[in-house]
Amino acid sequence: MAGAAMTTTFLAVIGGASLLAVTARRLHPGDRLPSLEGWALADRGLGAGWTWLLLGGTVYTAYTFTAVPGLAYGNGASAFFAVPYTVIVCPLAFVLLSRLWEVARRHGYITAADFVRGRYGSAPLALVVALTGILATMPYLALQLLGIRAVLTAGGLYPPGAAGDLAMVAVFAGLAVATYRHGLRAPTVISALKAVAVFVSLTAVCWLVLDRLGGPGGVFDGAARALGGTDAAHSPLVLTPGQQPAYATLALGSALALLMYPHVLTAGFAADGTRTLRKVSAGLPAWTALLALFGFLGIAALAAGVRAPAGGAEAAVPMLVDRLMPGPLAGLVFGSIVVGALVPAAVMSIAAATSFVRNVYVEYVHPTATPKRQVRVAKAVSLTAKLGAVAFVFGLRDQDAINLQLLGGVWILQVFPAVAVGLYTRWLHPRALLAGWAVGMAAGTCLVVREGFSSIVPLVAGSPEIYAGVAALVLNLAVAVAATPVLARLGVPRGPDATDLPSRPRAGRRPPTGANNA
């Protein structure tokens with residue numbers, strides 16, 4: 001009976017998401033002709049409420065909601081780097097995202113690579129920014145499917161064999177059709193259901209966990225004993241001095257990388273103004289609190305004696321929910337996590353398709369493509385990206401997707417100098433930025449692979465461990481800064497700047513008010 005109630009509630013949540021997707025065309029329908037801006041950015045017309053729902057629903061993915069508690073379940077305190085990391089994102093978004101939006105809106109840019117192309121007048125630099133974004137996004141998209149499968153399996157909703165695969169494809173198919181037809185409007189309306197379902201279900205789950213496990217003290221003491229400690233103060237639930245450099249650099253590097261992902265910029269560019277983005281940035285900590293509660297559930301799974309399968313710690317919270325919660329509530333939790341995967345998956349596929357069309361197809365294949373043709377190609381590429389993610393999940397091991405996503409975080413961080421630094425100064429030479437990017441990509445990849453696909457690495461034997469992405473970024477910047485005066489002395493020309501931004505910081509002067517002051 002409990003299983004039937006759970007399944008019914010789960011299907012009701014998924015059905016609600018499908019119905020909402022059908023209504024997506026009613027969200028700011030407009031009277032414009034088909035354009036990539038309309039399909040990929042909802043005509044830049046989302047107000048503060050919709051932008052908060054979409055940006056939060058895109059940044060806080062379903063895999064995050066299972067991986068962070070899974071890491072807390074397996075490793076303790078180090079998992080909570082995600083909390084300061086997402087807190088750091090808020091002021092960065094307030095400053096960087098709003099400024100980038102202003103430039104993009106003024107010049108019709110849709111992707112970060114568009115901005116780089118205009119700022120530096122360098123097609124090769126824009127190309128590597130676009131390809132890096134696509135390369136980093138694809139395994140991230142596949143991880144959303146892994147999150148769905150982990151949740152369905154833990155809840156007994158994933159039949160063995162082909163039947164289970166077909167069930168997951170069916171859940172994903174509705175999203176693919178809605179996104180193909182309505183673009184960014186589809187995940188935007190679904191994000192409203194995601195927010196309501198996740199906030200309500202998580203609040204209920206945490207209340208029940210605290211009630212059944214004896215309050216916060218009972219949860220943390222029980223988890224400490226499960227991890228081999230005596231109490232919460234003497235266990236892996238507390239960072240050791242040796243873990244602190246890795247914790248700090250991972251939080252900082254992840255925050256810098258997040259705003260470079262194409263799907264995050266796509267969600268931000270859809271806002272109707274910089275004022276909206278600043279309001280949304282100030283409201284994002286509500287989603288961070290949600291993430292902290294999910295991490296707490298990973299600790300609660302330890303205290304409750306949950307035994308996740310080897311190599312499958314991300315199943316700990318779904319197993320906890322299945323064990324402790326009544327059927328309808330468990331179905332609500334599972335449904336909300338699955339819907340939580342659909343929103344970022346849709347935005348990721350849209351962002352990857354848009355980057356390909358704007359910065360590869362139009363730039364190198366069909367420069368005279370009409371807006372209608374660009375939309376048609378973007379729709380096809382978006383659908384192909386989803387199909388590729390499904391094939392990736394079914395054809396390769398879960399660990400392969402996780403390993404590639406770890407590398408993706410290191411890779412996407414290497415476009416930070418070209419995009420974020422370029423918002424404030426054009427002093428760095430585009431060829432120096434290309435050289436820095438190449439060195440950072442190679443160094444970051446080698447560090448991660450050398451340590452067996454761990455993103456936390458020692459630079460040399462015996463040194464403190466730090467995040468590989470930050471180490472690669474420092475090397476990237478060092479090369480770019482060192483090469484710029486050399487190239488200038490050699491007389492290597494730069495491309496024109498089409499952005500109307502200052503070429504370099506002006507000390508002692510306040511920036512002018514008006515449109516240029518994003």
Side-chain angles (χ1 to χ4, degrees), residues 13-30 38-65 86-87 89-90 92-94 97-98 101 140 144 147 174-175 178-179 182-203 258-259 261-294 332-333 335-351:
V13 175
I14 300 302
S18 300
L19 289 174
L20 280 175
V22 172
T23 68
R25 64 184 177 86
R26 300 179 181 273
L27 181 65
H28 302 292
W39 182 80
L41 300 182
D43 287 317
R44 303 186 202 262
L46 301 184
W50 284 117
T51 304
W52 181 81
L53 290 168
L54 178 63
L55 192 58
T58 300
V59 170
Y60 298 84
T61 69
Y63 188 77
T64 300
F65 287 156
T86 49
V87 170
V89 164
C90 299
L92 287 175
F94 188 95
L97 198 54
S98 59
W101 184 96
Y140 213 166
Q144 305 313 306
L175 170 77
T179 303
H182 307 303
L184 194 69
R185 292 175 175 85
T188 299
V189 296
I190 296 174
S191 67
L193 176 62
K194 171 179 177 174
V196 172
V198 172
F199 275 92
V200 170
S201 62
L202 185 60
T203 300
L258 183 65
L259 293 179
Y261 273 105
H263 62 282
V264 176
L265 293 176
T266 294
F269 283 171
D272 61 7
T274 55
R275 184 179 177 85
T276 291
L277 276 174
R278 288 170 181 149
K279 289 180 179 178
V280 169
S281 300
L284 283 179
W287 287 94
T288 299
L290 195 72
L291 182 61
L293 290 178
F294 267 106
L332 177 62
V333 175
S336 63
I337 295 177
V338 170
V339 171
L342 299 182
V343 173
V347 182
M348 287 173 190
S349 67
I350 290 169

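Side-chain atoms are counted along with the backbone in the values below, which use heavy atoms only and exclude waters and symmetry mates.
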Looking at Lys194 and Gly57, would you say the former's side chain and the latter's main chain have a donor-acceptor pair under 3.5 Å?
yes

OG1-CG distance between Thr51 and Asp272, expressed to the nearest 0.5 angstrom:
6.0 Å

Donor-acceptor pair, side chain of Thr188 and main chain of Leu54, under 3.5 angstrom:
no

Knowing that exactly one of Leu265, Leu259, Val264 qualifies, which makes a side chain to side chain contact (heavy atoms under 4.5 Å, CB included) with Tyr261?
Val264

Leu277 versus Ala271, closest heavy-atom pair with distance
CG-CB, 3.9 Å

Side chain to side chain contact (heavy atoms under 4.5 Å, CB included) test vs Met348 passes for just one of Thr58, Thr61, Val343, namely Thr61

So, for Leu290 and Phe199, which heavy atoms are closest and what is the spacing to 0.1 Å?
CD1-CD2, 3.9 Å

Derivation of the side-chain contact (heavy atoms from CB on, under 4.5 Å) call for Leu55 and Leu284:
CA-CA 8 Å; Leu55 192 58; Leu284 283 179; 4.2 Å; yes

Answer yes or no: does atom CZ of Phe94 have more than 12 heavy-atom neighbours from other residues, nucleotides or ligands under 6.0 Å?
no

Do side-chain atoms of Arg185 reach the backbone of Gly38 as a donor and acceptor pair under 3.5 angstrom?
yes

Between Ala270 and Leu184, what is the shortest heavy-atom contact and its length?
CB-CD2, 3.4 Å

Kindly determine whether Trp287 and Thr86 satisfy side-chain contact (heavy atoms from CB on, under 4.5 Å), including the steps that lead there.
CA-CA 9 Å; Trp287 287 94; Thr86 49; over 6 Å; no

Non-hydrogen atoms of Trp101 and Gly268 that approach each other most closely:
CD1-O, 3.5 Å

Taking the side chain as everything from C-beta on, heavy atoms only, tell me whether Trp50 gets closer than 4.5 Å to Thr276.
no

Mark yes or no for whether Trp52, through its side chain, and Gly283, through its backbone, hold a donor-acceptor pair below 3.5 Å.
yes

Ala346 backbone acceptor or donor facing Ser349 side chain under 3.5 Å:
yes

Any idea which heavy atoms bring Leu41 and Phe269 closest together, and the distance?
CD2-CB, 3.8 Å

When you compare the side chains of Tyr60 and Thr288, does any donor N or O come within less than 3.5 Å of an acceptor on the partner?
yes

Restricting to non-hydrogen atoms, name the atom on Ile350 and the atom on Pro187 that form the minimum distance, rounded to 0.1 Å.
CD1-CG, 4.4 Å

